[in-house]
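Notes to accompany the following structure.
Just so you know, residue 1 is the first one in the sequence shown, and it goes up from there. Note that the structure is predicted; figures quoted are calculated from it, not measured.
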Amino acid sequence: VPAKNAITLNVRQLAIQEDSVHIEGTVASPREVTLLQQALSQVSSNGRVDQTPSRIVAPPGSTPFSFNLRMDRGLKAEK
């Protein structure tokens with residue numbers, strides 16, 4: 001995630017299931033959405049962060065975001 005003074009991040013939903021992560025919330029501007037997406041792509045296991053439609057109604061002065069990404073959490077499949 002970008003430095004604390006680089007973006008104003010408000011996470012409203014975080015869902016993790018195996019290697020899939022969904023994160024949704026608001027930031028202060030569209031530029032901050034881009035910064036967040038770039039930062040998340042650096043920790044994504046495949047380098048991709050897919051932007052999805054946000055279900056959040058953002059308060060005035062903020063911009064909603066919604067991303068899906070894959071992360072290697074070091075989990076081993078049970079047999």
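Hydrophobic clustering (ILVMFWY, side-chain heavy atoms < 4.5 Å, transitive): Leu9 and Met71 are in one cluster. The cluster map of Ile, Leu, Val, Met, Phe, Trp and Tyr, joined by side-chain heavy atoms under 4.5 Å apart, puts Ile56 and Val11 in different clusters.
Across Thr26 and Phe65, no two heavy atoms sit closer than the pair N-CE2, 3.3 Å.
Contact annotation: the side chain of Arg55 approaches that of Gln13 to within less than 4.5 Å [non-hydrogen atoms, C-beta and beyond]. Looking only at side-chain heavy atoms (C-beta outward), Leu40 and Ile23 come within less than 4.5 Å of each other. Taking the side chain as every heavy atom from C-beta outward, Leu69 and His22 never approach each other to under 4.5 Å.
A donor-acceptor contact shorter than 3.5 Å is absent between the side chain of Glu24 and the backbone of Ser54. Proximity of a side-chain donor or acceptor of Ser44 to a complementary backbone N or O of Ser41 within less than 3.5 Å is not detected.
Looking at residues two or more places apart in sequence or on another chain, you find a salt bridge (charged side-chain N to carboxylate O under 4.0 Å, His left out) between Arg70 and Asp19.
For residues 30-51, the set of pairs meeting the salt bridge (charged side-chain N to carboxylate O under 4.0 Å, His left out) definition, not counting sequence neighbours, comprises Arg48-Asp50.
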From CA spacing to verdict: side-chain contact (heavy atoms from CB on, under 4.5 Å), Val27, Asn10
CA-CA 6 Å; Val27 291; Asn10 181 7; over 6 Å; no

What do the steps show when you test Val21 against Leu14 for side-chain contact (heavy atoms from CB on, under 4.5 Å), and what is the final call?
CA-CA 7 Å; Val21 177; Leu14 177 64; 4.0 Å; yes

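For the residue pair Ser29/Thr63, the side-chain donor-acceptor check at 3.5 Å is not satisfied.
Atom OG1 of residue Thr52 and atom CG of residue Asn68 lie 4.5 Å apart, to the nearest 0.5 angstrom.
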